[in-house]
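Accompanying notes for the structure given below.
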Amino acid sequence: MDAAERTDLVTRYTEEVVTEAEIESLFEERDDPGVYIGYAPTGEMHIGHFTTIRKLADFVEAGLDVTVLVADLHAHLDDEKSPFELLDARSAYYQAAIEAMIEAAGSDPEAVSFVRGTDYQLEEPYTLDLYRMLAETTLSRARRAGSEVVRQSENPKVGGLVYTLMQSLDVAALEADVAYGGIDQRGIYMLAREQLPEQGHGKPACVFAPLLSGLSGGKMSASEAGSKINLTDDDETVAEKIEGAYCPAEQVEDNGVLEYLRFLVFPVLAERGESFRVDRPEEYGGDLVYDGYDALEADFRSGELHPADLKPAAADAIAAVVAPVRERLLEAPELLEDAYPGRYA
RNA sequence: CCGCCCUUAGCUCAGGCUGGUAGAGCAGUCGACUGUAGAUCGACUUGUCCCCCGUUCAAAUCGGGGAGGGCGGACCA
């Protein structure tokens with residue numbers, strides 16, 4: 001694979017890349033540049049996480065050195081989303097769930113390195129760098145960088161600001177040439193590009209994944225159960241949620257069902273060499289088969305493919321992608337019980 | 001250390017002065033209409049009124065104590 005092919009692999013299915021030229025020159029200069037993504041182990045993981053994790057398969061295939069940070073301290077710093085005592089349990093659950101998703105995406109979990117925040121964020125040189133950054137960053141700059149990531153409230157804690165600076169520093173500490181995350185992370189990594197070189201570190205390139213729409217329209221919401229598919233949802237629950245999803249005929253924008261297909265289902269099917277089948281009554285034209293998302297979107301846009309026919313097919317396909325992850329998690333029920341004692345224990 | 005303010009439905013909040021079976025909006029659930037969902041109509045559900053003690057026939061409401069949160073002051077040789 002040459003640098004251009006590797007770059008294509010890294011940049012496909014993304015929302016934004018900063019910058020593509022930087023990525024390509026990385027491949028020209030080096031065999032195995034590093035990419036990292038961080039997850040703060042807070043609430044239960046869901047299909048939105050899955051789409052960002054699915055892309056790790058592309059990174060592995062492109063020959064990048066992939067690191068997943070389980071950012072335990074961040075989970076507490078962000079408005080105490082995770083209680084201090086639960087950080088270990090939630091970190092263990094996140095790592096297991098992420099490994100299961102990588103495998104379900106057709107890649108090898110062994111090819112990815114896992115690091116926990118507290119492994120390196122409590123001592124030098126990290127701490128010294130952090131204090132320097134705290135001294136150099138204005139409140140408004142830190143607030144702006146983290147505004148899409150850190151929970152916003154009427155009485156924000158200092159921790160939310162430190163969170164932002166720590167995440168910028170994580171890029172350097174994990175020796176990542178590329179910072180990867182959802183597009184909501186953009187502000188933080190732009191701060192990293194600005195600030196890290198001033199402290200003698202490299203300037204990271206960035207790859208941003210799209211944030212998928214919620215199933216009830218608008219953004220996916222953690223507090224709205226019906227707006228997202230959970231990793232623990234069984235086939236029937238997935239079917240119910242997709243059936244109830246906002247999905248206007250001929251409209252592609254703000255359509256969670258199509259987005260799930262585009263960024264999760266089709267990439268996984270392609271990896272397996274499978275097609276997407278739609279059972280459709282003869283009355284409406286009979287069954288359909290798609291080998292790629294573009295053809296499906298074209299039919300949906302034109303009205304040829306109706307939501308009522310698409311939904312059951314999409315539900316089956318999504319359920320099939322999620323099933324192996326759910327099964328892995330249910331094989332070790334103590335993971336969820338320990339991480340979320342209020343809900344499972 | 002001192003003072004003041006806040007705490008009521010899943011969320012945002014009214015009610016409290018003047019005690020009498022606890023409300024609105026949003027969310028949610030269910031129907032109608034659509035070959036899905038949404039929108040729009042129609043119906044419905046939701047409570048430790050932060051906790052304890054007291055006054056009273058009766059306390060979300062009055063009094064005392066406490067907890068949690070917020071704001072301010074003081075201290076800074």
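What you see is a predicted model; the values in this text were computed from it and never measured. Residue numbering restarts at 1 for every chain, and letters A, B, ... go by the order of the sequence lines.
A heavy-atom distance below 4.0 Å to RNA chain B is reached by these residues of residues 276-289 of chain A, ordered by number: Tyr284(A).
Heavy atoms from other residues, nucleotides or ligands lying under 6.0 Å from CZ of Arg277(A) number 12 at most. For Asp31(A), the CG atom is loosely surrounded, since the number of other residues' heavy atoms within 6.0 Å does not exceed 12. The environment of Gln199(A) atom CD is dense: over 12 non-hydrogen atoms of other residues, nucleotides or ligands sit within 6.0 angstrom. Dense packing is recorded around CD of Glu253(A), with more than 12 heavy atoms of other residues, nucleotides or ligands lying under 6.0 Å away.
Nucleotides C5(B) and C44(B) are separated by 38 Å at their C1' atoms, to the nearest Å. When the P atom is compared between G25(B) and A14(B), the two are found 16 Å apart, to the nearest whole Å. Taking the P atoms as reference points, C52(B) lies 14 Å from A59(B), given to the whole Å. For the P atoms, the distance from A24(B) to G15(B) is 15 Å, rounded to whole Å. With C1' as the reference atom, G47(B) and U40(B) are 31 Å apart, rounded to whole Å. Nucleotides U12(B) and U7(B) place their P atoms 12 Å apart, quoted to the nearest Å. Rounded to whole Å, the separation between the P atoms of G63(B) and C6(B) comes to 12 Å. Separation of the P atoms belonging to A39(B) and U29(B) is 11 Å when rounded to the nearest angstrom.
In the interface, the side chain of Asn155(A) is not paired with the base of G69(B) through any donor and acceptor atom under 3.5 Å apart.
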Is there any protein nitrogen or oxygen under 3.5 Å from a nitrogen or oxygen in nucleotides 37-45 of chain B, and what are the pairs?
{"residue": "A37(B)", "atom": "O4'", "partner": "Ala245(A)", "partner atom": "O", "Å": "3.3"}
{"residue": "A37(B)", "atom": "O4'", "partner": "Lys311(A)", "partner atom": "NZ", "Å": "2.9"}
{"residue": "A37(B)", "atom": "O2'", "partner": "Gly244(A)", "partner atom": "O", "Å": "2.9"}
{"residue": "A37(B)", "atom": "O2'", "partner": "Ala245(A)", "partner atom": "O", "Å": "2.8"}
{"residue": "A37(B)", "atom": "O2'", "partner": "Tyr246(A)", "partner atom": "N", "Å": "3.1"}
{"residue": "A37(B)", "atom": "N3", "partner": "Cys247(A)", "partner atom": "N", "Å": "3.2"}

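Tyr260(A) places no side-chain N or O within 3.5 Å of a backbone atom of Ala315(A) that could act as its donor or acceptor partner. Within the 3.5 Å criterion, the main-chain N or O of Ser213(A) finds a donor-acceptor partner in the side chain of Glu259(A). In this structure, Lys241(A) contributes its side chain and Ser227(A) its backbone to no donor-acceptor pair below 3.5 Å. Looking at Lys311(A), its side chain never comes within 3.5 Å of a backbone N or O of Val257(A) through a donor-acceptor pair.
Between the side chains of Tyr189(A) and Gln185(A), no donor-acceptor pair is found at a separation under 3.5 Å. A donor atom on one side chain and an acceptor atom on the other are not found under 3.5 Å apart for Asp58(A) and Tyr13(A). Using a 3.5 Å distance cut-off with no hydrogens or angles, the side chains of Thr237(A) and Asp234(A) do pair a donor with an acceptor.
We find that CD of Glu80(A) is positioned 12 Å from C1' of G69(B), with the value rounded to whole Å. For Glu240(A) and U29(B), the CD to C1' distance is 14 Å, given to the nearest whole Å. In this entry the distance linking CD of Glu250(A) with P of G35(B) reads 14 Å, nearest Å.
The strand RNA chain B forms stems, runs of 3 or more Watson-Crick or G-U wobble pairs with distances below 3.5 Å, at B:1-7 with B:67-73, B:10-13 with B:23-26, B:28-32 with B:40-44, B:50-54 with B:62-66.
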Can you check side-chain contact (heavy atoms from CB on, under 4.5 Å) on Val112(A) and Phe59(A), steps first, answer last? CA-CA 10 Å; Val112(A) 171; Phe59(A) 293 145; over 6 Å; no

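Closest-nucleotide positions on RNA chain B for Glu154(A) and Asp309(A) were compared, and the one nearer the 5' end corresponds to Glu154(A).
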